[in-house]
Amino acid sequence: MYKTGDTVLHPTAGVCTVTDIKRENFAGLGQKDFYVLCPVYDNRQIIHTPVQNAKITLKKVLNKSEIMTLIKSVTADNSLWSDNDAERKDLFHKILKTGDRVKIIQLIITICEKQKERETKGKKLHLADERILSEAQKIIHQEFAYALKLNLNEIAPFIMNELGYAE
């Protein structure tokens, strides 16, 4: 269980600070303990998520050493792309839902490579792929920027440089 003041990674809101833990009765579900979260990079919203939540898993924000180890463990995974739009969308959503940072980085690389390939042919990514890419980048970029004390726009070049890719 997290405590007030902890910084966590929410699967859709990104890096958040636990500002409170309250016992509430939301939507008639009975009294439950809820984390009150304030997103670090969008303090205009407040999120309430049950402490015991099977659907949304909060994770501890990685530290610099853990991030460097994580980046070094990433390898390309060409099997993530499927030409079947529905299959691809389903797989990408499953990857995001797991919160597996290695898979999410592989997902970002896969979509970015496909994006470059399509651009050389004068085409764009499908909107669904752009949305997934944006969501994946938000998750990874926020956590890495927070832990490494970098600006959000510095994260993509940092990761690509660490992975040995030319940006």
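Because the structure is predicted, anything quoted here is derived from the model rather than measured.
Under the 3.5 Å distance criterion, the side-chain polar atoms of Gln45 are left unmatched by any main-chain donor or acceptor of Pro39. Checked by atom type and distance alone, the side chain of Asn63 pairs as donor or acceptor with a backbone atom of Ser65 at under 3.5 Å.
A distance of 4.5 Å separates OG1 in Thr110 from CG in Leu80, rounded to the nearest 0.5 Å. Rounding to the nearest 0.5 Å gives a distance of 13.0 Å between CG of Asp20 and CZ of Phe34. In this structure, CZ on Arg131 lies 9.5 Å from NE2 on His93, to the nearest 0.5 angstrom. Expressed to the nearest 0.5 Å, how far CG of Leu163 lies from OG1 of Thr75 amounts to 9.5 Å. Atom CH2 of Trp81 sits about 11.0 Å away from atom CG of Leu91, to the nearest 0.5 Å. In this structure, CE in Met160 is found 5.5 Å from CD1 in Ile109, a value given to the nearest 0.5 Å.
Under the 4.5 Å side-chain heavy-atom criterion for ILVMFWY residues, a single connected hydrophobic cluster contains both Tyr2 and Ile21. Hydrophobic clustering, with ILVMFWY side chains joined whenever heavy atoms are under 4.5 angstrom apart, groups Met1 together with Ile47. Phe144 is not connected to Val8 by any chain of hydrophobic side-chain contacts under 4.5 Å among Ile, Leu, Val, Met, Phe, Trp and Tyr, and they are in different clusters. Residue Ile139 is grouped with residue Ile95 when hydrophobic side chains (ILVMFWY) are merged at heavy-atom distances under 4.5 angstrom, including chains of intermediate members. Using a 4.5 Å cut-off between side-chain heavy atoms of Ile, Leu, Val, Met, Phe, Trp and Tyr, with links allowed through other members, Val40 and Val36 fall into different hydrophobic clusters.
A side chain to side chain contact (heavy atoms under 4.5 Å, CB included) with Asp129 is found for exactly one of Arg118, Lys114, Arg88, Lys124, namely Arg88. With Leu37 as reference, Leu58 is the one residue of Asp6, Ile46, Leu58 to meet the side chain to side chain contact (heavy atoms under 4.5 Å, CB included) rule.
Contact record, Val61 with Glu66: O-OE1, 4.4 Å, taken as the closest heavy-atom pair. Of all the heavy atoms in Thr4 and Thr19, the pair that sits closest is CG2-O, 3.3 Å. Across every non-hydrogen atom of Ile67 and Ala147, the tightest pair is CD1-CB, 3.4 Å. Thr49 and Asn53 make their closest contact through OG1-ND2, 3.2 Å (heavy atoms, listed as atom of the first residue, atom of the second, distance). The shortest heavy-atom contact between Thr120 and Glu117 is OG1-O, 2.6 Å. The two residues Ala136 and Leu107 come nearest to each other via the heavy atoms CB-CD2, 4.2 Å.
Heavy atoms from other residues, nucleotides or ligands lying under 6.0 Å from NZ of Lys60 number more than 12. Tyr146 OH: 12 or fewer foreign heavy atoms inside a 6.0 Å radius.
The side chain to side chain donor-acceptor pair (under 3.5 Å) check on Gln115 picks up nothing, with sequence neighbours excluded. With sequence neighbours excluded, no residue forms a salt bridge (Lys or Arg N to Asp or Glu O under 4.0 Å) with Lys138. The side chain to side chain donor-acceptor pair (under 3.5 Å) check on Lys59 picks up nothing, with sequence neighbours excluded. Taking Lys72 as the reference, Glu162 meet the salt bridge (Lys or Arg N to Asp or Glu O under 4.0 Å) condition, with sequence neighbours excluded.
At least one side-chain heavy atom of Arg101 sits under 4.5 Å from a side-chain heavy atom of Leu9. Annotation: side chain of Gln137 is in contact with side chain of Cys112 (closest heavy-atom distance under 4.5 Å). With contacts defined as side-chain heavy-atom distances shorter than 4.5 Å, the pair Ile159/Ile140 qualifies.
Residue pairs meeting the side chain to side chain donor-acceptor pair (under 3.5 Å) criterion with at least one partner in residues 24-37, sequence neighbours excluded, are Arg23-Asp33. Listed by first and then second residue, the ring pair (Phe, Tyr, Trp, His ring centres under 6.0 Å) pairs involving residues 108-143 amount to none (not counting sequence neighbours).
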